[in-house]
**Student:** 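Quick one: the structure is below, and I'll ask about it shortly.
Just so it is clear, the model here is predicted, and its values are computed rather than measured. Just so it is clear, the values below take in all heavy atoms, side chains as well, and ignore hydrogens, waters and symmetry mates.
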Amino acid sequence: MDRLQKNQMDFINLRLGTFIHFNSATVQFQDSDIIDWEFDHENSGAPRCYPFDEKGWNPAELNCCEWAAIAKSAGCRFAALTTKHHEGFALWPSAYSEHCVKNAACKRDVVREFLEAFRASGITAGLYFSILDLTAGIGRKACTAEHKKLIKGQITELLTQYGEIPFLIVDGWNAPWGGPSYEMLPFEELDCLVKSLQPDCLFMNIGCSQGLQGTDVVFYENAAGQEADECFAGPGVSCNKLTGTWFWRKEDPVTEPAGAEWALQKMREYFPRNINFMLNISPNPMGKVDANLAEAFEAVGKRVVLPPPLTSLPDGWLKRQG
């Protein structure tokens, strides 16, 4: 097996992970009809209505070690943090943008704290980064040379300032709902950048669920209805949530999350097909995780059974062509 295949197999052997959605939407849309981001602004060209003031970012009770403990209680063995979502706010002090924590009320480097806490807990920690950036104007209608400088500069920061990053998940790219197309920003261009900085970093693209030509691992956003074929044999990953939305909402503390059995059934479907499963954690604006969500994660951990690790690639494992 080649280097990419070995890294893919090692990732699949992690099996269960968590996806931590914590960014400007946590503050902006906690009590709103808007879900996660201004879809209309990107998809239909409507005027933007919800710019985010960096000074509104103030997670005064942030404790990433608590997040890690909750993930650990569920049996999670890998995790990803939304370092920058579609709105464009960066959770680290970026030299390429003023729209980041360096201008926030709370200037803490959330990326660093997340990575340090999860690594200390023995959880493989990677990152999520949105190509679509409403604040910078990067999207379906524009991806200029200056935009590419921002995208590549911020990815370079994430892959050079924080040690080993085993995987980078990107989103908002070549999708019918938003983000630049591959014609505007070719996959190969960013894939080469990632591999030049960290050769063993898996480059996963949420917008790519059909084969490996635009991703290192096929990525299914299960919460948006994406499902793998029954004959799929890997490598894949799927993500879903126990609450109503990816980011925290005011009703979450008093709304019962989806039960452990629902999550376990997803795993029974996915693991035999070499598809990892990511359960979402949505901290509140203060940086805390609600007790009911923490309890739901613990309930999963009491019952989860992970398959034995792969030692060789199974028949049907996808291989990138060319």
**Student:** For the residue pair Lys195 and Cys201, establish whether any side-chain heavy-atom pair is separated by less than 4.5 Å.
**Tutor:**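 No, every pair of side-chain atoms sits at 4.5 Å or beyond.
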
**Student:** Please work out whether the ring planes of Phe52 and Phe89 are parallel, tilted or perpendicular, with thresholds of 30° and 60°.
**Tutor:**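 Perpendicular.
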
**Student:** State whether the number of non-hydrogen atoms from other residues, nucleotides or ligands found under 6.0 Å of Lys149 atom NZ is greater than 12.
**Tutor:**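 No, the 6.0 Å shell around NZ holds no more than 12 heavy atoms from other groups.
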
**Student:** With the side chain counted from C-beta on, respond yes when Trp67 and Ile20 share a heavy-atom pair under 4.5 Å apart, and no when they do not.
**Tutor:**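 SC-SC contact between Trp67 and Ile20 confirmed.
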
**Student:** If you compare all heavy atoms of His86 against all heavy atoms of Ser130, which two are closest, and at what distance to 0.1 Å?
**Tutor:**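 In this case the closest contact between His86 and Ser130 is ND1-OG, 2.8 Å.
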
**Student:** Of all heavy-atom pairs between Ser282 and Trp248, which one has the smallest distance, and what is that distance?
**Tutor:**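 Smallest interatomic distance, heavy atoms only, reads O-CD1, 3.5 Å.
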
**Student:** Taking the six-membered ring for Trp, are the ring centroids of Phe29 and Phe247 within less than 6.0 Å of each other?
**Tutor:**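 No: the rings miss the under 6.0 Å criterion.
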
**Student:** If you define the side chain from C-beta out and look only at heavy atoms, does anything of Leu212 sit under 4.5 Å from Thr215?
**Tutor:**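 They are in side-chain contact.
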
**Student:** Donor-acceptor pairs are to be reported for all side-chain atoms of residues 292-307 against protein atoms at under 3.5 Å, with residues two or more places apart or in another chain.
**Tutor:**
from, atom 1, to, atom 2, distance (Å)
Asn292, ND2, Asp252, O, 2.9
Asn292, ND2, Pro253, O, 3.3
Asn292, ND2, Thr255, O, 3.0
Arg303, NH2, Glu261, OE1, 2.5

**Student:** Decide, yes or no, whether a salt bridge links Lys84 with Asp171 under the criterion of side-chain N to carboxylate O below 4.0 Å.
**Tutor:**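 Looking at Lys84 and Asp171, the cut-off is not met.
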
**Student:** Less than 4.5 Å apart, any side-chain heavy atom of Leu132 and any of Ile138?
**Tutor:**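 Heavy-atom side-chain distance check fails, nothing below 4.5 Å.
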
**Student:** Looking at side-chain heavy atoms only, is the closest gap between Leu168 and Val194 below 4.5 Å?
**Tutor:**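 Side-chain contact under 4.5 Å: yes.
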
**Student:** Starting from Leu185, can I reach Leu159 by hopping between I/L/V/M/F/W/Y residues whose side chains sit under 4.5 Å apart?
**Tutor:**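 Linked within one cluster.
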
**Student:** Taking Ser97 for its side chain and Ser94 for its backbone only, find out whether a donor-acceptor pair lies under 3.5 Å.
**Tutor:**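 Answer holds: no.
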
**Student:** Counting the benzene-type ring for Trp, do Phe78 and Phe11 have ring centres under 6.0 Å apart?
**Tutor:**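 Yes: the rings meet the under 6.0 Å criterion.
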
**Student:** Could you tell me which residues satisfy ring pair (Phe, Tyr, Trp, His ring centres under 6.0 Å) with Phe277, sequence neighbours excluded, listed by chain and number?
**Tutor:**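 For Phe277 the ring pair (Phe, Tyr, Trp, His ring centres under 6.0 Å) partners, ignoring immediate neighbours, are Tyr270.
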
**Student:** Would Tyr220 and Asn240 count as having a side-chain donor-acceptor pair, cut-off 3.5 Å?
**Tutor:**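 There is no such pair (donor and acceptor under 3.5 Å, judged by atom type) between the side chains of Tyr220 and Asn240.
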
**Student:** Under a 4.0 Å N-O cut-off, is there an ion pair linking Lys152 with Glu189?
**Tutor:**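 Here Lys152 pairs with Glu189 in a salt bridge, since their nearest N and O are under 4.0 Å apart.
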
**Student:** Would you please indicate yes or no on a ring centroid separation below 6.0 angstrom for Phe39 and Trp177?
**Tutor:**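 No, ring centres 6.0 Å or more apart.
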
**Student:** Work out which heavy atom in Gly172 is nearest to a heavy atom in Ile131; give both atom names and the distance.
**Tutor:**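 Shortest heavy-atom separation between Gly172 and Ile131 comes out as O-CB, 3.5 Å.
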
**Student:** Verify whether one side chain among His99 and Glu87 offers a donor that lies under 3.5 Å from an acceptor in the other.
**Tutor:**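 There is such a pair (donor and acceptor under 3.5 Å, judged by atom type) between the side chains of His99 and Glu87.
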
**Student:** Using salt bridge (Lys or Arg N to Asp or Glu O under 4.0 Å), reason through Lys266 and Glu227 one step at a time and then give a plain yes or no.
**Tutor:** CA-CA 11 Å; Lys266 290 287 185 184; Glu227 292 285 4; 3.7 Å; yes

**Student:** When you compare the side chains of Ser181 and Glu183, does any donor N or O come within less than 3.5 Å of an acceptor on the partner?
**Tutor:**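 Present: a donor and an acceptor within the cut-off.
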
**Student:** Is there a salt bridge (Lys or Arg N to Asp or Glu O under 4.0 Å) between Asp40 and Arg48? Walk through the geometry before answering.
**Tutor:** CA-CA 8 Å; Asp40 285 345; Arg48 192 168 177 213; over 6 Å; no

**Student:** Quick one: CG on Leu14 to CD1 on Ile123, what's the gap to the nearest 0.5 Å?
**Tutor:**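 The CG atom of Leu14 sits 10.5 Å away from the CD1 atom of Ile123.
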
**Student:** Can you tell me if Thr82 and His85 form a side-chain donor-acceptor pair at under 3.5 Å?
**Tutor:**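 Looking only at side-chain atoms, His85 and Thr82 do not form any donor-acceptor pair under 3.5 Å.
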
**Student:** Rounded to the nearest 0.5 Å, what separates atom CD1 in Ile165 from atom CG in Asp200?
**Tutor:**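 Going from CD1 on Ile165 over to CG on Asp200, the span is 13.0 Å.
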
**Student:** When you compare the side chain of Arg140 with that of Asn43, does any pair of heavy atoms fall below 4.5 Å?
**Tutor:**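 They are in side-chain contact.
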
**Student:** Does a side-chain N-to-carboxylate-O contact under 4.0 Å join Arg320 and Asp216?
**Tutor:**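 Yes, this pair counts.
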
**Student:** Between the side chains of Glu157 and Arg112, is the shortest nitrogen-to-carboxylate-oxygen separation below 4.0 Å, so that they form an ion pair?
**Tutor:**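 Not counted as a salt bridge, because no side-chain N and carboxylate O are separated by less than 4.0 Å.
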
**Student:** Assess whether side-chain contact (heavy atoms from CB on, under 4.5 Å) is satisfied between Leu242 and Asn280, documenting all intermediate values.
**Tutor:** CA-CA 7 Å; Leu242 296 169; Asn280 190 56; over 6 Å; no

**Student:** Can a donor-acceptor pair be found, under 3.5 Å and without considering hydrogens, that links the side chain of Arg108 to the backbone of Leu62?
**Tutor:**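 Answer holds: yes.
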
**Student:** Taking Asn13 for the side chain and Pro309 for the main chain, is one N or O donor matched with an acceptor at less than 3.5 Å?
**Tutor:**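 Not at all, since once roles are kept as given, no pair shorter than 3.5 Å links the two residues.
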
**Student:** Mark yes or no for whether Asp133, through its side chain, and Thr135, through its backbone, hold a donor-acceptor pair below 3.5 Å.
**Tutor:**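 A pair under 3.5 Å: yes.
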
**Student:** Given the side-chain rings of Phe22 and Trp57, with only the six-membered ring counted for Trp, is the space between their centroids under 6.0 Å?
**Tutor:**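 Centroid separation for Phe22 and Trp57: below 6.0 Å.
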
**Student:** How far apart are the C-alpha atoms of Thr124 and Arg77, what are their side-chain angles, what is the distance that settles it, and do they pass the side-chain contact (heavy atoms from CB on, under 4.5 Å) test?
**Tutor:** CA-CA 6 Å; Thr124 298; Arg77 302 200 289 193; over 6 Å; no

**Student:** Under the 3.5 angstrom rule, does the side chain of Asn103 hit a backbone N or O of Glu98 as a donor-acceptor pair?
**Tutor:**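 Here the side-chain-to-backbone pair exists.
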
**Student:** Ion pair present between Lys319 and Asp2, side-chain N to carboxylate O less than 4.0 angstrom?
**Tutor:**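 The answer is yes: the pair qualifies as a salt bridge.
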
**Student:** Determine yes or no for a side-chain-to-main-chain donor-acceptor pair under 3.5 angstrom, with Asp53 supplying the side chain and Lys55 the backbone.
**Tutor:**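 Judged by distance alone, yes, a pair lies under 3.5 Å.
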
**Student:** Quick one: does Asn174's side chain have a donor or acceptor within less than 3.5 Å of a partner on Tyr182's backbone?
**Tutor:**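 At least one qualifying donor-acceptor pair exists.
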
**Student:** Any side-chain to backbone donor/acceptor pair from Glu54 onto Lys102? Under 3.5 Å, distance only.
**Tutor:**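 No.
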
**Student:** What closest approach, in Å, do Ala68 and Ala117 show between heavy atoms, and which atom pair accounts for it?
**Tutor:**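 In terms of heavy atoms, the two residues are closest at CB-O, 4.0 Å.
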
**Student:** Is the backbone N or O of Glu61 less than 3.5 Å from a side-chain atom of Lys288, with the two atoms forming a donor-acceptor pair by type?
**Tutor:**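 No, because the side chain of Lys288 does not come within donor-acceptor range (under 3.5 Å) of the backbone of Glu61.
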
**Student:** Could you check Arg3 against Asn7 for side-chain contact (heavy atoms from CB on, under 4.5 Å), going step by step and ending with a plain yes or no?
**Tutor:** CA-CA 6 Å; Arg3 186 174 191 168; Asn7 291 332; 4.1 Å; yes

**Student:** Name the orientation class of the two ring planes belonging to Trp173 and Phe203 (parallel below 30°, tilted from 30 to 60°, perpendicular beyond 60°).
**Tutor:**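 If you compare the ring of Trp173 with that of Phe203, the planes turn out tilted.
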
**Student:** Between Phe19 and Ile281, is any pair of side-chain heavy atoms under 4.5 Å apart?
**Tutor:**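 Result no, sub-4.5 Å side-chain heavy-atom pair not found.
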
**Student:** Is the gap between the ring centers of Tyr50 and His41 under 6.0 Å?
**Tutor:**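 No, ring centres 6.0 Å or more apart.
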
**Student:** Between Asp31 and Arg249, does the salt bridge (Lys or Arg N to Asp or Glu O under 4.0 Å) criterion hold? Intermediate values first, please.
**Tutor:** CA-CA 6 Å; Asp31 189 21; Arg249 309 288 286 210; over 6 Å; no

**Student:** Any donor-acceptor pair under 3.5 Å linking the side-chain atoms of Gln8 with those of Trp317?
**Tutor:**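 Yes, side-chain donor-acceptor contact under 3.5 Å.
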
**Student:** Can you tell me if Lys148 uses its side chain to pair, donor with acceptor, with the backbone of Met184 under 3.5 Å?
**Tutor:**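 Between the backbone of Met184 and the side chain of Lys148 there is a qualifying donor-acceptor contact (under 3.5 Å).
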
**Student:** At their closest point, which heavy atom of Ile169 faces which heavy atom of Ala80, and how far apart are they?
**Tutor:**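 Heavy-atom minimum between the residues: CD1-CB, 3.9 Å.
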
**Student:** For the residue pair Met278 and Phe219, establish whether any side-chain heavy-atom pair is separated by less than 4.5 Å.
**Tutor:**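 They are in side-chain contact.
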
**Student:** Consider only side-chain heavy atoms of I, L, V, M, F, W and Y, link residues closer than 4.5 Å, and tell whether Phe114 and Val289 are in one cluster.
**Tutor:**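 They do share one cluster, since a chain of ILVMFWY contacts under 4.5 Å joins Phe114 to Val289.
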
**Student:** Under 3.5 Å, is there a donor-acceptor pair between the Glu221 and Trp246 side chains?
**Tutor:**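 The criterion, which ignores hydrogens and geometry beyond distance, is satisfied for Trp246 and Glu221.
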
**Student:** CG/Leu91 to CG/Asp109 distance, rounded to the nearest 0.5 angstrom?
**Tutor:**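 So the CG of Leu91 and the CG of Asp109 are separated by 8.5 Å.
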
